Amino acid sequence: MVVTGVQPLDKKRSRVWLDGEFAFVLYKGELRTFKIEEGKELTAENYNEIMEAVLPKRAKLRAMNLLKSRTYSVNQLKNKLADGEYPEEIIKEALDYVASYGYTDDSRLSEEYVRIHIKDKSRQRIVQDLMRKGISKEVINAAFDRCEEYGFEHNELEMAKKLLVKKGFNPDAEYENSEERAKIMAKNYAFLARKGFSSSIIRSAMNAHDLFD
């Protein structure tokens, strides 16, 4: 195969094209090691070493280093590796590697997230947060079920009422006129809606007369 392009990506790395197609990103030292120059042939031996040893090792280390600082869903980690322009097969190999050690587990990540936020976020907001991480709704719902089995209570009405108290909302307050009341009610309704509470929970919370008991 012929090296048809070598384009600097930054001060240390370059993109490499083989036979007119983007192949991978290598460091300057690796370009020299494998004698990669535009217009020259890349031997099958060197290509195999890059694809079977150099890139897999680097991708695995990259994945492990990312997971040291925080938890990632499988999809998030895949996107991070894709940002590094690793070939698709190399990304899969790296994901399989970290998964074999239990470092990526969408079920575990979802369950941990639900446990942490079950008392300060609505179910809808938790679902939205986890789906943005690329986790399926089925996995998220299963995490809620497990947490409930373990005794973690998710009382959205009480949660919404506490948030209203923090905002200083009082359903029994007196207003100068109906317009002022409507404005305050709309403001607090929108506040809870942004938190992901359903309309029925919001109405129940705003009509509760025990907020300050």
Side-chain angles (χ1 to χ4, degrees), residues 1-117 121 125-144 146-147:
M1 56 194 74
V2 178
V3 178
T4 51
V6 179
Q7 179 190 66
L9 178 60
D10 52 37
K11 291 182 180 180
K12 297 180 179 180
R13 302 174 300 162
S14 293
R15 296 186 179 97
V16 177
W17 279 262
L18 299 174
D19 295 335
E21 294 185 1
F22 173 73
F24 38 64
V25 171
L26 293 178
Y27 284 89
K28 287 183 177 180
E30 293 164 345
L31 295 177
R32 292 192 295 269
T33 298
F34 296 107
K35 300 179 175 58
I36 294 178
E37 294 181 27
E38 192 168 339
K40 290 191 174 183
E41 186 85 14
L42 176 65
T43 66
E45 181 182 0
N46 282 344
Y47 176 80
N48 290 338
E49 186 173 351
I50 292 168
M51 294 296 291
E52 296 173 8
V54 176
L55 293 181
K57 180 181 179 180
R58 184 185 304 153
K60 291 171 186 176
L61 286 173
R62 173 61 174 157
M64 294 292 282
N65 285 332
L66 286 167
L67 290 166
K68 282 181 181 179
S69 59
R70 51 161 287 190
T71 303
Y72 286 85
S73 70
V74 174
N75 192 62
Q76 285 178 311
L77 195 58
K78 179 181 179 180
N79 290 338
K80 279 287 186 181
L81 292 174
D83 288 342
E85 300 189 44
Y86 289 99
E88 192 171 321
E89 61 267 39
I90 302 299
I91 293 175
K92 184 180 184 305
E93 186 174 343
L95 292 176
D96 289 345
Y97 175 80
V98 294
S100 70
Y101 288 94
Y103 294 133
T104 52
D105 184 337
D106 285 357
S107 295
R108 178 174 58 82
L109 187 154
S110 299
E111 189 173 321
E112 288 178 354
Y113 194 88
V114 171
R115 288 188 184 190
I116 291 170
H117 295 290
K121 289 188 177 184
R125 175 54 61 84
I126 292 173
V127 170
Q128 289 172 344
D129 290 348
L130 289 172
M131 288 187 72
R132 278 196 290 268
K133 295 177 184 291
I135 300 174
S136 72
K137 199 166 185 178
E138 182 180 4
V139 170
I140 299 167
N141 288 335
F144 271 102
R146 286 194 300 275
C147 286

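Only a predicted model underlies this, so the values are computations on that prediction, with no experimental measurement involved.
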- From CG (L26) to NZ (K12), nearest 0.5 Å: 15.0 Å

- Item | Heavy-atom closest contact (V114 atom, A143 atom, distance) | CG2-CB, 4.2 Å

- Check for a donor-acceptor pair, side chain of K121 on one end and backbone N or O of I116 on the other, with a separation under 3.5 Å. no

- Task: Provide the closest heavy-atom pair for S14 versus V6 in the form atom of the first, atom of the second, distance.
- Result: CB-CG1, 4.0 Å

- Message: Regarding E88 and K92, does a basic nitrogen lie under 4.0 Å from an acidic carboxylate oxygen?
- Response: no

- Message: Would you call the rings of F24 and Y47 parallel, tilted or perpendicular, taking 30° and 60° as the class edges?
- Response: tilted

- Should K28 and R32 count as side-chain neighbours, where that means a heavy-atom distance under 4.5 Å? yes

Side-chain donor-acceptor distances from residues 50-60 under 3.5 Å, at least two apart:
from : atom 1 : to  : atom 2 : distance (Å)
R58  : NH1    : V25 : O      : 3.3
R58  : NH2    : E30 : OE1    : 2.6
R58  : NH2    : E30 : OE2    : 2.3

- Nearest non-hydrogen partners of V127 and F144, listed with the distance: CG2-CE1, 4.0 Å

- Here the pair of heavy atoms bringing L109 nearest to K133 is CD2-CD, 4.0 Å

- d(I140 CD1, I126 CD1) to nearest 0.5 Å is 10.0 Å

- Message: Any salt bridge linking R132 with D129? Criterion: basic side-chain nitrogen under 4.0 Å from a carboxylate oxygen.
- Response: yes

- Note on the structure: In this structure, CD1 of I90 is separated from CD of E85 (nearest 0.5 Å) by 14.0 Å

- Any donor and acceptor pair, going by atom type alone, linking the side chain of D106 with main-chain N or O of V74 inside 3.5 Å? yes

- Min side-chain heavy-atom separation V2-L18 under 4.5 Å: no

- Is there side-chain contact between Y113 and I135, with heavy atoms separated by less than 4.5 Å? no

- Query: Do you know the tightest heavy-atom contact between R115 and C147?
  - Reply: CG-SG, 3.5 Å

- Query: Checking R146 side chain against S107 main chain: does a donor-acceptor pair fall under 3.5 Å?
  - Reply: yes

- Atom CH2 of W17 and atom CD of Q7: how far apart are they, to the nearest 0.5 Å? 4.0 Å

- Nearest-0.5 Å distance, CD of residue E49 to OG1 of residue T43: 9.0 Å

- Query: Taking all non-hydrogen atoms of both residues, which atom of L81 and which atom of A63 are closest, and how far apart?
  - Reply: CD2-N, 4.3 Å

- Output the distance between atom CD (Q76) and atom CG (L66), rounded to the nearest 0.5 Å. 10.5 Å

